[in-house]
Each structure stands twice: as C-alpha cells, then as structure tokens.
Amino acid sequence: AGHTYDCHEMQQVLKIHRDSKRLLMQLKERYMTEFPNLQLSVGDTPSCSILPASEFEGFDEMRPGNFVFYDLEQASIGSCKHEDIAVVMAFSV
C-alpha cells in the first residue's frame, strides 16, 4: 500500500493497511478455487516499520521496501529516526 507514504500518524497507516488487507483477502478467497496456489505478497516501508507483525498474519510474503536501510523520506514521515538511516549516497546525475 504505497499510499501509506502520505501518512504522518500510525492510525492512518493502520487504516490503509487494514483496508488493503481486507480487500486482498476477499480477492484471494474469490479466486482460490481457480488459482489454488495464489499467494498474497504485501509491503511498504511505513507499515512494515511501525505496525506489529501480527498485522501481517494471513499474508504469504512481506516486502518491506527500503526498511533495512531507511532514507530521509522515511525519517520525514516518521517511519524511522535520522539515526536509523544506514546508508548515505551522494552522486551527480
């Protein structure tokens, strides 16, 4: 749910995450007979950073984006603190 990047409060992230989860579970249930190996893969750095693991139950895969390194964008929206940022890159384009 990439639109969690517009959130600045945990409750906003949680609402988007739960809405997305509900819709994905409905889709999986609808198509499970036709596609029995259907798996749900979900993830975005804000929700993977601030929500408890229990919020991801029912998914087959979690993809946390740049969760392991973080960046200034994540710090600005509250997913991490500046001291959590692990990598700095500077280059000209």
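Model, not experiment: these values are computed from the prediction.
With rounding to the nearest 0.5 angstrom, the CG atom of D60 is 5.5 Å from the CG atom of L40. We find the OG-CE distance between S79 and M10 to be 11.5 Å, quoted to the nearest 0.5 Å. One distance of note links CZ of F69 with SG of C80; it measures 13.0 Å at 0.5 Å rounding.
Counting heavy atoms from C-beta outward, C7 and I16 have side chains that approach closer than 4.5 Å. A heavy-atom distance below 4.5 Å is found between the side chains of L72 and H82. Side-chain contact between K28 and F35: absent, with no pair of heavy atoms (C-beta onward) separated by less than 4.5 Å.
Taking R18 as the reference, E55 meet the salt bridge (charged side-chain N to carboxylate O under 4.0 Å, His left out) condition, with sequence neighbours excluded. When the side chain to side chain contact (heavy atoms under 4.5 Å, CB included) test is applied to E29, no partner is found at least two apart in sequence or on another chain. Taking D19 as the reference, K15 meet the side chain to side chain donor-acceptor pair (under 3.5 Å) condition, with sequence neighbours excluded. Take F59 and apply the ring pair (Phe, Tyr, Trp, His ring centres under 6.0 Å) test, not counting sequence neighbours, and it matches no residue.
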Atom pairs and distances, donor-acceptor, side-chain atoms in residues 83-93, under 3.5 Å, two or more places apart:
unit_1 : atom_1 : unit_2 : atom_2 : d
D84    : OD2    : K81    : N      : 2.9

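Both L38 and L27 are members of a single hydrophobic cluster when ILVMFWY side chains are connected at heavy-atom separations under 4.5 Å. Cluster membership check: L23 does not share its hydrophobic cluster with L51, using side-chain heavy-atom separations under 4.5 Å among Ile, Leu, Val, Met, Phe, Trp and Tyr.
Within a 6.0 Å radius of CZ in R63, other residues, nucleotides and ligands contribute more than 12 heavy atoms.
In this structure a side-chain-to-backbone donor-acceptor pair under 3.5 Å is present from Q12 to H8.
Pairs passing the ring-ring contact (aromatic ring centres under 6.0 Å, His included) check and including a residue from residues 36-58, sequence neighbours excluded, read H17-F56.
Looking at every heavy atom in both residues, I50 comes nearest to G78 through CG2-O, 4.1 Å.
T45 and Y70 share no side-chain donor-acceptor pair at under 3.5 Å.
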